[in-house]
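What follows is a set of notes on a single structure, which appears directly below.
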Amino acid sequence: DQDLNSFTHPNDFWLHLQDENSPYQNSIQEFIRLFCFRAVAVYLFRIKFILDLSRELKLEINDDTLLNPLSFLSRIFRKIL
């Protein structure tokens with residue numbers, strides 16, 4: 001296994017990502033797994049925060065809000081501030 005820290009340019013990642021025979025393949029797959037987990041965790045925490053906030057402020061939530069939580073949060077906090 002090779003370490004991703006040896007990449008010297010962001011394009012190195014994309015070149016090795018597409019290469020099934022890359023010596024970095026295991027490290028890249030582990031990076032993708034962790035990145036996806038963290039992205040989903042952040043999304044779920046945002047949704048939980050929005051649901052709690054909307055319950056407290058008596059706001060109605062729709063599918064668009066759940067699909068794009070950052071847009072909703074920027075509208076709400078712009079109104080409050």
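It should be emphasised that the depicted structure is a prediction, and the values quoted were computed from it without experimental measurement.
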Answer with yes or no whether the hydrophobic clustering places Phe45 together with Leu51; edges join I, L, V, M, F, W, Y residues whose side-chain heavy atoms lie under 4.5 Å apart. no
For Arg33, give me all partners under salt bridge (charged side-chain N to carboxylate O under 4.0 Å, His left out), at least two apart in sequence or on another chain. Glu30
In chain order, what residues pass the side-chain contact (heavy atoms from CB on, under 4.5 Å) check against Phe13, with sequence neighbours excluded? Phe7, Leu17, Ile28, Phe31
Between CD1 of Ile47 and CG of Leu66, what distance do you get to the nearest 0.5 Å? 5.0 Å
Note, Asn68 side chain near Phe72 side chain (heavy atom, < 4.5 Å): no
Can you tell me how far the CG atom of Leu59 sits from the CD1 atom of Ile50, to the nearest 0.5 Å? 10.5 Å
Hey, could you give me each pair passing salt bridge (charged side-chain N to carboxylate O under 4.0 Å, His left out) that has a residue in residues 10-26? Not counting sequence neighbours. none
Shared hydrophobic cluster, Phe37 / Ile32 (ILVMFWY, side-chain heavy atoms < 4.5 Å): no
How long is the span from the OH atom in Tyr43 to the CG atom in Leu70, to the nearest 0.5 Å? 10.5 Å
side-chain contact (heavy atoms from CB on, under 4.5 Å) partners for Leu44, two or more places apart: Val40
Side chain to side chain donor-acceptor pair (under 3.5 Å) filter on Ser54, not counting sequence neighbours, yields none
Quick one: side-chain contact (heavy atoms from CB on, under 4.5 Å) partners of Leu15, sequence neighbours excluded? none
Set of side-chain contact (heavy atoms from CB on, under 4.5 Å) partners for Asn62, sequence neighbours left out: Asp64, Thr65
Pair listing, salt bridge (charged side-chain N to carboxylate O under 4.0 Å, His left out) test, anchored in residues 36-55, at least two apart: Lys48-Asp52, Asp52-Arg55
Would you say Val42 ends up clustered with Leu67 if hydrophobic residues are merged whenever their side chains have heavy atoms under 4.5 Å apart, either directly or through other cluster members? no
